[in-house]
Amino acid sequence: MPTGRRRIEDQIVYGISRPTGGHRAVNFRLNAPYVQMYGIVKRFPGVLACDHVDFDVRRGELHALLGENGAGKSTLMRILYGLYQPEDGRILRDGAEVTIQSPTDAIRQGIGMIHQHFMLVDTLTVTENVALGLKSSREPLLDLDRVEDGIRELSEAYGLQIDPRAPVWTLSVGERQRVEIMKALYRGAALLILDEPTAVLTPQEVDELFVTLGYMKENGYSLVLISHKLQEILAISDRITVLREGRLVGTVPTGEMSRQELARMMVGRDVMLERTREDEIDVGDVKLHLKDVVAHDVTGQPALRGVSLSVQAGEILGVAGISGNGQRELAEVIAGLRPVAGGSVEMDGAPITDWTTARRTESGLAYIPEERMHDGIVRDFAVSENLVLQEHTSDKFSNGIFLAFDYIARYSRQLVQDFYIKTPDIRTMTRNLSGGNIQRLILARELSRRPKVLVAAQPTRGIDIGAIEYIYQQLLEQRDTGMATLLISEDLDELLALCDRIAVIYEGQIMDTLNREETTAEELGLLMAGVHPQKQ
């Protein structure tokens with residue numbers, strides 16, 4: 001094995017060795033600036049998204065881009081890829097100023113972008129997806145044989161390990177991501193922008209991706225990684241640029257930074273990243289119990305296949321799994337939003353399988369939905385209206401005919417204060433709040449009812465580190481009061497930090513339920529991929 005390749009594999013996050021492949025030398029001048037952005041300005045109505053931002057990427061470098069939601073990082077990269085046009089500033093490639101007015105221009109300049117949501121045609125093969133949109137050298141015939149040969153060469157060079165003839169619909173999430181990378185490389189990209197590339201991958205697939213990125217760095221490619229996972233950023237990047245509120249905070253060498261220091265740069269204050277408690281509390285009676293639950297998705301296909309699990313008072317039970325393995329249906333079954341085709345659901349010892357959502361709520365069930373903008377709030381209602389949405393007909397807020405507006409206003413102001421919801425006024429339309437503040441609003445509404453059971457589905461998805469810190473704090477405080485929490489998340493770091501036990505779901509079935517202290521990210525990753533380590 002070449003020493004360079006061994007060095008790359010030492011950088012992987014979860015410690016899983018990968019097979020090695022070929023290696024191709026590219027004549028790049030390493031560490032020379034490839035792309036430079038100076039004084040970039042971009043405005044949207046009421047928002048200065050990029051305020052004279054400077055950014056550069058070197059040859060053979062992985063440059064991470066960090067920042068809270070709304071910091072401007074995605075806007076900056078969309079300008080580089082030609083999706084947005086800056087109002088001021090310059091972009092240079094190899095020292096010469098260039099104009100990038102579209103993704104086509106960006107590709108001509110050797111810039112590619114891998115979006116978080118893949119842009120592939122499921123019914124086509126890998127080769128056909130890579131060839132899609134390319135001009136054939138022998139029209140009207142296609143160049144599919146040449147494209148296939150190119151794919152095999154790139155696969156060997158970078159360990160992408162993909163079958164060029166496989167239909168995309170048969171591929172795993174990690175394999176689809178490799179196809180996206182292949183598309184960019186085949187088109188001659190020398191700089192690759194990756195937007196949250198690990199969000200939907202298992203730990204093993206993350207390791208495979210990072211080994212591939214390591215090979216690309218050694219071959220002189222420039223890489224920009226947008227991510228909120230500080231552990232991964234510190235493991236794989238060379239430099240880190242942090243943006244806050246559209247402005248450049250700084251660019252620092254990765255080796256000089258810690259998670260705490262990066263979080264402080266992002267938020268502007270100290271952030272408590274480690275929320276686990278050394279003192280374990282005694283769990284109580286079972287508050288939520290599912291036995292052999294069967295349910296179907298929107299197409300009528302089986303989504304839950306005999307799911308059984310239980311959550312006790314004073315416990316956080318995590319549910320780990322790759323997106324699309326039944327997590328959404330599981331949460332909706334418990335909340336009463338999806339019918340049960342088989343099995344039973346109990347809360348606090350009472351069968352609730354046939355109960356309405358309202359009756360479950362009145363009996364002590366709280367629910368933080370995965371799609372907060374669609375299922376968690378009414379966008380065109382005021383903050384105060386959303387805060388009392390579930391209880392507005394109760395004696396607490398009405399006399400049976402009229403709402404008690406003065407009391408609702410006092411109550412709402414108190415929740416806004418207690419849960420640090422940043423809003424100009426309680427009469428502000430909820431759609432105008434940031435994602436993190438909307439999530440705080442939902443949390444305030446649900447927890448203020450002092451529920452017995454909380455189902456939290458992806459509660460920190462798409463929100464910034466400051467809001468994540470607050471949600472972690474609230475979940476642990478509620479655990480200490482005896483609330484039973486079912487936490488559904490695709491973030492293993494989150495589950496390992498917060499949960500007492502972790503159940504892994506795969507294709508609608510619970511693979512295993514493990515104590516947090518007795519499991520590892522590697523073991524959870526194998527279960528998420530449908531492989532039971534003890535049965536290998």
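As the structure is a prediction and not an experimental result, all values here were calculated from the model.
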Practice prompt. Can you see which heavy atom on Glu370 is nearest to which on Arg328, and at what distance?
Written response: OE1-CB, 3.7 Å
Item to complete: Report yes or no: does Glu261 contribute a side-chain atom to a donor-acceptor pair with the main-chain N or O of Ser258 at less than 3.5 Å?
Response: yes
Worksheet item: Ion pair present between Arg269 and Glu469, side-chain N to carboxylate O less than 4.0 angstrom?
Response: yes
Fill in: Spacing of Leu120 atom CG and Glu175 atom CD [to the nearest 0.5 Å]
12.0 Å
Worksheet item: Within the distance-only criterion (no hydrogens, no angle test), does the side chain of Arg239 pair as donor or acceptor with the backbone N or O of Asp56 below 3.5 angstrom?
Response: yes
Practice prompt. Examine distances only and state if a side-chain atom of Gln231 and a backbone atom of Asp493 form a donor-acceptor pair shorter than 3.5 Å.
Written response: no
Response to the item:
Taking every heavy atom of Ala320 against every heavy atom of Leu492, the minimum-distance pair comes out as CB-CD2, 4.1 Å
Worksheet item: Cut-off 3.5 Å, side chains only: do Glu477 and Gln473 have a donor facing an acceptor?
Response: yes
Practice prompt. Just jot down the side-chain contact (heavy atoms from CB on, under 4.5 Å) partners of Val53, sequence neighbours excluded, or say none.
Written response: Cys50, Leu76, Leu243
Discussion item. Which heavy atom of Asn129 sits nearest to which heavy atom of Val179, and what is that distance?
Written reply: CB-CG1, 4.5 Å
Response to the item:
Distance col, row Thr519:OG1 vs Asp512:CG, nearest 0.5 angstrom, shows 8.5 Å
Worksheet item: Is a donor on one side and an acceptor on the other found under 3.5 Å between the side chain of Asp238 and the backbone of Leu62?
Response: yes
Response to the item:
Sequence neighbours excluded, the answer for ring pair (Phe, Tyr, Trp, His ring centres under 6.0 Å) partners of Tyr34 is none
Discussion item. Is there a side-chain contact (heavy atoms from CB on, under 4.5 Å) between His115 and Tyr81? Walk through the geometry before answering.
Written reply: CA-CA 11 Å; His115 299 274; Tyr81 191 57; 4.2 Å; yes
Worksheet item: What is the minimum heavy-atom distance between Gln439 and Gln458, and which atoms define it?
Response: NE2-O, 4.0 Å
Discussion item. Show me the pairs that pass salt bridge (Lys or Arg N to Asp or Glu O under 4.0 Å) and involve residues 98-112, at least two apart or across chains.
Written reply: Asp105-Arg108
Worksheet item: Which residues satisfy the side-chain hydrogen bond (donor to acceptor under 3.5 Å, both in side chains) test with Glu87, sequence neighbours excluded?
Response: Arg43
Discussion item. If the condition is side-chain contact (heavy atoms from CB on, under 4.5 Å), which residues does Glu507 pass it with, not counting sequence neighbours?
Written reply: Asn325
Discussion item. Whether the side chain of Arg479 engages the backbone of Thr485 through a donor-acceptor N/O pair (distance < 3.5 Å, no angle test) should be reported.
Written reply: no
Discussion item. With rounding to the nearest 0.5 angstrom, report the NZ to CD1 distance, Lys183 to Ile107.
Written reply: 9.0 Å
Practice prompt. Verify side-chain contact (heavy atoms from CB on, under 4.5 Å) between Phe419 and Leu441, making sure each step is shown before the conclusion.
Written response: CA-CA 8 Å; Phe419 285 81; Leu441 185 157; over 6 Å; no
Worksheet item: What pairs with Ser227 under side-chain contact (heavy atoms from CB on, under 4.5 Å), at least two apart in sequence or on another chain?
Response: Glu196, Leu225, Lys229, Glu232, Ile233
Worksheet entry | Any residue meeting ring pair (Phe, Tyr, Trp, His ring centres under 6.0 Å) with Tyr84, in chain and number order, not counting sequence neighbours | Phe44
Worksheet item: Ile100 and Leu80: which non-hydrogen atoms are nearest, and at how many Å?
Response: CD1-O, 3.4 Å
Worksheet item: Which heavy atom in Leu185 sits nearest to a heavy atom in Tyr221, and how many Å separate them?
Response: CD2-CE2, 3.9 Å
Worksheet item: Would a distance-only check, ignoring hydrogens and angles, find a side-chain to backbone donor-acceptor pair under 3.5 Å from Glu153 to Gly150?
Response: no
Worksheet entry | Glu245 atom CD, neighbour heavy-atom count above 12 within 6.0 Å | no
Worksheet entry | Between SG on residue Cys499 and CG on residue Leu317, distance to nearest 0.5 Å | 7.0 Å
Fill in: Residues which pass side-chain hydrogen bond (donor to acceptor under 3.5 Å, both in side chains) with Tyr38, listed by chain and number, not counting sequence neighbours
Gln36
Fill in: Check ion pair Lys42-Asp51 (N to O, under 4.0 angstrom)
no
Fill in: Sequence-distant partners of Asp491, side-chain hydrogen bond (donor to acceptor under 3.5 Å, both in side chains), two or more places apart
none
Worksheet item: For Arg165, does the CZ atom have more than 12 heavy-atom neighbours from other residues, nucleotides or ligands under 6.0 Å away?
Response: no
Item to complete: Go through the structure and list residues passing side-chain hydrogen bond (donor to acceptor under 3.5 Å, both in side chains) with Arg176, not counting sequence neighbours.
Response: Asp122
Worksheet entry | Thr212 side chain to Glu208 backbone, donor-acceptor under 3.5 Å | yes
Worksheet item: Is the side chain of Arg187 donor-acceptor paired with the backbone N or O of Val130 at a distance under 3.5 Å, no angle test?
Response: yes
Discussion item. If I take atom CG from residue Leu230 and atom CE from residue Met257, how far apart are they, to the nearest 0.5 angstrom?
Written reply: 10.0 Å
Worksheet item: Any donor and acceptor pair, going by atom type alone, linking the side chain of Glu180 with main-chain N or O of Met119 inside 3.5 Å?
Response: yes
Worksheet item: Between Ser489 and Glu494, do the side chains contain an N or O donor and an N or O acceptor separated by less than 3.5 Å?
Response: yes
Worksheet item: Sub-3.5 Å donor-acceptor pair from the side chain of Asp54 to the main-chain atoms of Gly39, do we have one?
Response: yes
Discussion item. Listing request: all salt bridge (Lys or Arg N to Asp or Glu O under 4.0 Å) pairs with a residue in residues 94-104, at least two apart in sequence or in separate chains.
Written reply: Arg59-Asp94, Arg90-Glu97
Discussion item. Test of understanding: with side-chain contact (heavy atoms from CB on, under 4.5 Å), list the residues that count as partners of Thr125, not counting sequence neighbours.
Written reply: Thr127, Glu128
Worksheet item: Looking at Glu156 and Arg152, does any basic side-chain N land under 4.0 Å from a carboxylate oxygen?
Response: no
Fill in: CZ-CD1 distance between Arg146 and Ile151, expressed to the nearest 0.5 angstrom
14.5 Å
Worksheet entry | Distance-only polar pair, side chains of Thr241 and His63, donor-acceptor under 3.5 Å | yes
Fill in: salt_bridge(Asp195, Lys73) N-O dist < 4.0 Å
no
